[in-house]
Amino acid sequence: MDWTSKTTYKLLAFSCWLLAVSACSVSYKFNGASIDYSKTKTIQINDFPIRSSYVWGPMGPMFNNQLKDHFANHTKLELVKRNGDLKIEGEITQYQQRNKSVSAEGYSAQTELSMTVNVRFTNNTNHNEDFERQFTATSVYETTQSLNSVQEELVGQMINDICDQIFNATVANW
């Protein structure tokens with residue numbers, strides 16, 4: 001092979017590679033959302049009242065704000081007060097603590113704190129995706145600690161977990 005044949009061959013191979021690379025398009029969404037923004041532009045998230053018999057006052061506003069922030073930070077949907085393409089509503093139905101484990105002395109060693117939220121999801125662009133479902137999260141703390149000293153942190157963790165679950169069930173299609 002002479003020099004011009006080698007150059008032509010390399011140029012042809014490079015051109016084919018360039019054509020193949022430019023013809024392929026790969027799209028990744030790191031937030032996990034699979035929303036068709038041409039059809040779905042708005043989301044309505046109603047405040048979730050607390051319907052649990054055991055209540056910690058700041059839990060309601062913490063949950064409502066975190067859920068709205070989660071969708072605002074991970075989607076391009078506009079949050080509206082009514083007539084959203086997607087609608088999320090529900091209530092906090094349970095907040096409780098119970099003994100998780102017992103020490104050798106017969107006393108409670110760990111306490112489990114749990115939170116359950118009932119969610120009604122309506123997709124006004126595709127009603128086949130509508131559902132009503134409960135989401136639960138739990139956290140465990142040592143009984144040597146008082147609930148007052150760990151409650152804000154644990155409730156924050158549970159709220160974040162439940163918001164992830166709701167996000168995945170509504171717009172991530174997992």
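Each residue takes its place number in the sequence, starting with 1. Computation of the quantities below employed the complete heavy-atom set of this structure, encompassing side-chain atoms and omitting hydrogens, waters and symmetry-equivalent molecules.
Residues V150 and L113 share a single hydrophobic cluster, defined by chaining ILVMFWY side chains whose heavy atoms lie under 4.5 Å apart. A continuous path of hydrophobic side-chain contacts links F121 to I159 [ILVMFWY only; heavy atoms under 4.5 Å]. The hydrophobic clustering, which links ILVMFWY residues whose side-chain heavy atoms are closer than 4.5 Å, places V140 and M59 apart. Transitive grouping of hydrophobic side chains (ILVMFWY, heavy atoms separated by less than 4.5 Å) brings M62 and V119 into a common cluster. Taken together through direct or relayed side-chain contacts under 4.5 Å among Ile, Leu, Val, Met, Phe, Trp and Tyr, I166 and I50 form part of one hydrophobic cluster.
Under the 3.5 Å distance criterion, the side-chain polar atoms of T42 are matched with a main-chain donor or acceptor of D85. Judged by distance alone, with hydrogens and angles left aside, the side-chain atoms of S52 form a donor-acceptor pair with the main-chain N or O of Y95 at under 3.5 Å. Looking only at distances, a side-chain donor or acceptor of N124 sits under 3.5 Å from a matching main-chain atom of G84.
Nearest approach of F63 to C163, heavy atoms of both residues: CE1-SG, 4.2 Å. Among all heavy-atom pairs drawn from G90 and P49, the shortest one is O-CD, 3.2 Å. Nearest heavy-atom pair across Y54 and Q97 is OH-NE2, 4.0 Å. Of all heavy-atom pairs spanning S139 and M158, the tightest one is OG-CG, 3.5 Å. The minimum heavy-atom distance linking S149 with S146 is given by the pair OG-O, 2.7 Å.
We find the CD1-CZ distance between I162 and F135 to be 9.0 Å, quoted to the nearest 0.5 Å. Residue I45 holds its CD1 atom at 4.5 Å from CG of L67, rounded to the nearest 0.5 Å. N46 contributes atom CG, which lies 10.0 Å from atom NZ of K81 (distance to the nearest 0.5 angstrom). Here the CG atom belonging to L86 is positioned 6.0 Å from the CG atom belonging to L77, to the nearest 0.5 angstrom. For the atom pair N148 CG and W56 CH2, the distance stands at 9.5 Å (nearest 0.5 Å). Summarising the geometry, atom CD belonging to Q145 is positioned 10.0 Å from atom CG belonging to L147; distances are rounded to the nearest 0.5 Å.
Note on K100 versus E142: no salt bridge recorded, every NZ/NE/NH1/NH2 to OD/OE distance being 4.0 Å or above.
The environment of CZ in R82 is sparse: at most 12 heavy-atom neighbours from other residues, nucleotides or ligands sit within 6.0 Å. The environment of K68 atom NZ is dense: over 12 non-hydrogen atoms of other residues, nucleotides or ligands sit within 6.0 angstrom. The environment of CD in Q66 is crowded: more than 12 heavy-atom neighbours from other residues, nucleotides or ligands sit within 6.0 Å.
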Next item on the list: Would you check, one step at a time, whether the test side chain to side chain donor-acceptor pair (under 3.5 Å) holds for T111 with T143?
Entry: CA-CA 6 Å; T111 303; T143 306; 3.2 Å; yes
Note to self: Set out, in order, the CA-CA distance, both residues' side-chain angles and the distance that settles side chain to side chain donor-acceptor pair (under 3.5 Å) for E132 and N118, then state yes or no.
What the structure shows: CA-CA 7 Å; E132 181 168 0; N118 187 58; 2.8 Å; yes
Next item on the list: Before giving the answer on side-chain contact (heavy atoms from CB on, under 4.5 Å), spell out for Y141 and E153 the whole-Å C-alpha distance, their side-chain angles and the decisive distance to 0.1 Å.
Entry: CA-CA 11 Å; Y141 66 97; E153 178 184 349; over 6 Å; no
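No donor-acceptor contact under 3.5 angstrom links the side chains of D161 and Q157, judged on distance only. Between the side chains of S114 and T138, no donor N or O sits under 3.5 Å from an acceptor N or O.
The aromatic rings of H74 and H70 sit tilted relative to each other, their planes meeting at an angle between 30° and 60°.
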